[in-house]
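Working notes for the structure below.
First listed ligand is number 1; within each ligand, the first listed atom is number 1. From a predicted model like this one, the values you see are computed outputs, not experimental measurements.
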Amino acid sequence: MRPKGLVIAIDGPAGVGKSTVGKMVAARVGYSFVSTGKMYRALAWKALELGLDLGDDAGLVALAGRLKWEFPKGAGPEADVAIDGRTLDREITDERVGKASSGIAKLAGVRLFMKDMQRLAGIDGGVVMEGRDIGSNVFPDAELKVYLDASPQARAERRAQQLRAQGLEADLEQILDFIVKRDAQDSGRKNNPLVKAPDAHYLDSTSVPREKVVDAIVELFERARKAF
Ligand code: C5P
């Protein structure tokens, strides 16, 4: 048993609601929440700012090592990561950064750096960590693993709704296209692709409201807690 509780790993494709659901689960069970997607996004954003070559694995690892990483809680609606004292929120949510993050996430060195940082953030337990490879690679020893899925159409519709709620424009067909391409890139890569860990619980949230998904995960948590 870890000193602060279990590790709850939530993996799944783009736009499935891992962050929203993960934060709600964390609040319900009194755990902290870590979004690993935000780590890849933050590094991609910084590399874009500096005009670095997004295919230069060693250069990106060197950059990641120079940055001061922090994972602030409750700093903003989307903020879960700060680098060099700057909290990153809206600037890392757009598709330009999304695409760049998915690109650098293919690189073996970048992935190793992220894995080390993520293991450090979660090793003591008491954490909900979301991403693509948490149950399969970062915490194969997680006490609870969930693979959250939904149809691409449902994910695109939710994303469009989110954007409109923020007063932004949303083109459903374009969002669907982004989602399908990102799925292909994340599932098709050689290094730690998006896969369901064999021992992960599969939850399809296509036509299930968020609250019910959260209830299901909290129930799984209660069961897992008794087992450890
Ligand atoms: O989840 P989010 O869309 O914020 O993640 C951005 C990108 O970071 C993903 O498309 C994926 O390529 C990458 N990622 C990853 N492994 C993780 C989390 C995110 O490869 N554990």
Item to complete: Determine whether the side chains of Asp11 and Ser136 contain a donor N or O and an acceptor N or O closer than 3.5 Å.
Response: no
Fill in: atom 17 (C) of ligand 1 [closest protein heavy-atom partner, distance rounded to 0.1 Å]
Arg132 N, 3.3 Å
Worksheet item: For atom 18 (C) of ligand 1, which protein heavy atom lies nearest, and how many Å away is it?
Response: Thr36 OG1, 3.3 Å
Fill in: Results of ring-ring contact (aromatic ring centres under 6.0 Å, His included) for Phe33 - residues two or more places apart only
none
Worksheet item: Within the side chain of Asp84, is there an N or O that forms a donor-acceptor pair under 3.5 Å with the backbone of Lys68?
Response: yes
Worksheet item: Looking only at heavy atoms, is any part of Arg182 under 4.0 Å from ligand 1, and if so is it the side chain, the backbone, or both, or is it neither?
Response: side chain
Discussion item. Whether Glu49 and Lys46 form a salt bridge (side-chain N of Lys/Arg under 4.0 Å from carboxylate O of Asp/Glu) is what I want to check.
Written reply: no
Worksheet item: Counting only N and O atoms by type, is there a donor-acceptor contact under 3.5 Å from the side chain of Asp149 to the main-chain atoms of Asp204?
Response: no
Response to the item:
If you scan protein heavy atoms around atom 13 (C) of ligand 1, the nearest is Ala105 CB, 3.7 Å
Practice prompt. Distance to 0.1 Å, residue and atom name: give those for the protein heavy atom nearest to atom 4 (O) of ligand 1.
Written response: Arg41 NE, 2.6 Å
Discussion item. Among Gly37, Ala42, Gly98, which one puts a heavy atom closest to atom 5 (O) of ligand 1?
Written reply: Gly37
Worksheet entry | Pair Tyr40, Arg132: side-chain N/O donor-acceptor within cut-off below 3.5 Å | no
Worksheet, complete the sentence: If you scan protein heavy atoms around atom 14 (N) of ligand 1, the nearest is Tyr40 CD1, 3.6 Å
Worksheet item: Has Ala14 got any heavy atom lying under 4.0 angstrom from an atom of ligand 1?
Response: no
Worksheet item: Where does the angle between the aromatic ring planes of Phe113 and Trp69 fall among parallel (under 30°), tilted (30 to 60°) and perpendicular (over 60°)?
Response: tilted
Worksheet item: Do other residues, nucleotides or ligands put more than 12 heavy atoms under 6.0 Å from Lys99 NZ?
Response: no
Discussion item. Would Arg189 count as a polar contact of ligand 1, with the cut-off being nitrogen or oxygen pairs under 3.5 Å?
Written reply: yes
Worksheet item: In terms of residue, atom name and distance, what is the protein heavy atom nearest to atom 7 (C) of ligand 1?
Response: Ser101 OG, 3.3 Å
Worksheet item: Do NZ/NE/NH1/NH2 and the carboxylate oxygens of Arg2 and Asp124 come within less than 4.0 Å?
Response: no
Worksheet item: Going by heavy atoms, is Gln118 under 4.0 Å from ligand 1?
Response: no
Discussion item. I need the nearest protein heavy-atom contact for atom 16 (N) of ligand 1: residue, atom name and distance, please.
Written reply: Arg111 NH2, 3.1 Å
Worksheet item: Closest non-hydrogen protein atom to atom 12 (O) of ligand 1, residue and atom name please, with distance?
Response: Asp186 OD1, 2.6 Å
